[in-house]
Amino acid sequence: MKITVIGTGFVGVVTAAVYASFGHTVFGLDIDPNKIAKLKKFQPPFYEPQLEELLKKTQTKGWLHFTDNYREAVADSEVIVIAVGTPSNQDGSVNLDYLHSAIDSMIPYLKEKVIVVVKSTVPPGTFADLAERIKSQTQVAFELASVPEFLREGTAVQDTLNPDRVVIGTTSQSAFTVLESLHKPLKAPIIKTNPESAQLSKYTANAYLATRITFINQIADLCEKSGADVEEVIRVIGLDKRIGSHYWYPGPGYGGSCFPKDVKELAHYSIKAGEVDNLFVKIDQLNEKRLGKLFLSYEQLVGGFKDKQVAVLGLAFKPDTDDMREAPSLQFIPKLIKAGAKVMGFDPVAMNNAQNVFQTEIEANQLSLTGSVLEACQGADVILLLVEWPEFISFDYGLVRDTHKKQWLIDTRNRLPREKVKNLGFVYRGIGA
Ligand code: UDX
């Protein structure tokens, strides 16, 4: 079967490579020729474990192709998967410009009875408009289906190959049959829903997980005020089978390309649907305020950052990715600089992106990007761990302990061995204790 995947972001590239690994002929399409040139050389435009090998294998076998030419990608395709970005507008509503532009561009080349799959995250109600948009431009018969994506960055290949479930939201039995057989090799439960349920499921899953994070961060704040320890609280509640012990890491709030935007979009959608007083608005506000609140408490802890050397460990939004969207470093580093600190930053894979993002600060000698954890921490008054990379957790902080001065080790992810670090002589600050 010929399949086209439009958009070569995380979702698009990984989806295209996984469908191709089943032996289908897959065309990945993007309007950015630079991305296509890289992908043809097996280079993903972002850091993602296992992806390079999969791109190499599927392209070498002749199953996967990349192009910026709509005619080449779309003509004769039975299934077109749209995986372009749907960012938030200023007011939190979803911006469908990329989706509309992809649809308008593919229309001239559509094959009769094509199935158009929307993998991009879109709110319920979008399909009526999309169907109208297509019908107004072509006589070709088509079916629409919503197949939302639940992959996480950093484990995108594994998540796509081993999903917890596949959701196929469509009113067309024939489209369902084709898509069911396409996803069979994944050996995951396949759930047929109407398009609106599929679309809302995606927002529901992300908003629930974001709520869980915000919830435990609130409890962590109460622990700090009450003498309780959030890790002990998590151990206790986690044994309640209705609650469970996973995905309960308190920290600097949720970031990345999905949670912040999806919660905002759900809040906006709720208000539009008449649910003005809704949970999602509050979750978004609490998460937005989290980093500022933490920064103030750290400023107080260390007695101000003026003339302090601060090592910032972790510049992307989480480990195993170079994605800096909504990363805590984006707020912390400018705040530290404004407060008069000299900042040394390090990230195992996000250094190129950080170089671009913080170009002004680097040129002004306010920030230095270093080559290792050791280099970043050498001479530091304050070590600020923002991302839970294993190499930050296992690092021997004794190597950078200077017994002649007071040093603070701030662990925003609660992953360092607390007692060990305190015994080295650092003033330790975690979350929720
Ligand atoms: C998320 C969803 O998990 C995925 O299903 C969806 O398709 C896209 O959004 P991703 O953004 O890649 O994936 O990362 P995830 O690992 O879920 O973390 C999201 C954010 O929450 C990160 O900032 C992370 O640090 C934070 N987080 C996660 C916590 O603060 N505590 C936790 O317990 C878990």
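The figures here come from the full heavy-atom set of this structure, side chains too, leaving out hydrogens, waters and symmetry mates. In listed order, ligands and their atoms are each counted from 1.
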So for R152 against ligand 1, with non-hydrogen atoms under 4.0 Å, the contacting part is both
So for L151 against ligand 1, with non-hydrogen atoms under 4.0 Å, the contacting part is backbone
Under 4.0 Å from one or more heavy atoms of E153, ligand 1 contributes atoms 12 (O)
of all protein heavy atoms, closest to atom 27 (N) of ligand 1 is I213 CD1, 3.4 Å
One finds that the ligand 1 atoms under 4.0 Å from a non-hydrogen atom of K318 are 10 (P), 12 (O), 14 (O), 15 (P), 16 (O)
_Would E388 count as being in polar contact with ligand 1, using the rule that some N or O on each side must be under 3.5 angstrom apart?_
no
- So, is S257 polar-close to ligand 1, with some N/O to N/O distance under 3.5 Å? no
protein heavy-atom neighbour closest to atom 9 (O) of ligand 1 works out as C258 CB, 3.1 Å
**Asked** Quick check: does any side chain N or O of D381 sit under 3.5 Å from a backbone N or O of Q309, one acting as donor and the other as acceptor?
**Response** yes
What one should report as the nearest heavy-atom pair of F358 and P334 is CE2-CD, 4.3 Å
For D159, the side chain to side chain donor-acceptor pair (under 3.5 Å) test, sequence neighbours excluded, returns R152, T155
Margin query: So for ligand 1, is G256 a polar contact partner (N or O within less than 3.5 Å, distance only)?
Written below: no
Atom 31 (N) of ligand 1: closest protein heavy atom, distance to 0.1 Å, is Y249 O, 2.8 Å
Check your understanding: Which word best sums up how the rings of Y247 and F259 line up, parallel for under 30°, tilted for 30 to 60°, or perpendicular for over 60°?
Key -> perpendicular
I'd like to know if the side chain of K202 and the backbone of D262 have a donor-acceptor N/O pair within less than 3.5 Å. no
inquiry  = Taking distance alone, with N or O pairs closer than 3.5 Å, would you say R413 contacts ligand 1?
reply    = yes
Any donor and acceptor pair, going by atom type alone, linking the side chain of S93 with main-chain N or O of H268 inside 3.5 Å?
no
of all protein heavy atoms, closest to atom 5 (O) of ligand 1 is F150 O, 2.7 Å
Closest non-hydrogen contact found for A220 with P250 is CB-CB, 4.2 Å
**Asked** Purely on distance, is any nitrogen or oxygen of G255 under 3.5 Å from one on ligand 1?
**Response** yes
among protein heavy atoms, the one nearest atom 18 (O) of ligand 1 is Y247 OH, 3.5 Å
For R212, state whether at least one heavy atom is located under 4.0 Å from any atom of ligand 1. no
>> Can you confirm if the aromatic rings of F305 and F295 lie within a centre distance of less than 6.0 Å?
In response: yes
A student checking ligand 1 against E149 at a 4.0 Å heavy-atom cut-off should list atoms 7 (O)
Check the orientation of F22 and Y19. Use parallel for under 30°, tilted for 30 to 60°, and perpendicular for over 60°. tilted
- Query: Under the 3.5 angstrom rule, does the side chain of E149 hit a backbone N or O of F10 as a donor-acceptor pair?
  - Reply: no
The atoms of ligand 1 lying under 4.0 Å from a heavy atom of K202, numbered in the order shown, are 7 (O)
If we ignore hydrogens and angles and just use 3.5 Å, is the side chain of D347 paired with the main-chain N or O of A316 as donor and acceptor? yes
Counting from 1 in the order shown, the ligand 1 atoms closer than 4.0 Å to a non-hydrogen atom of F259 are 1 (C), 2 (C), 3 (O), 9 (O), 17 (O), 19 (C), 20 (C), 21 (O)
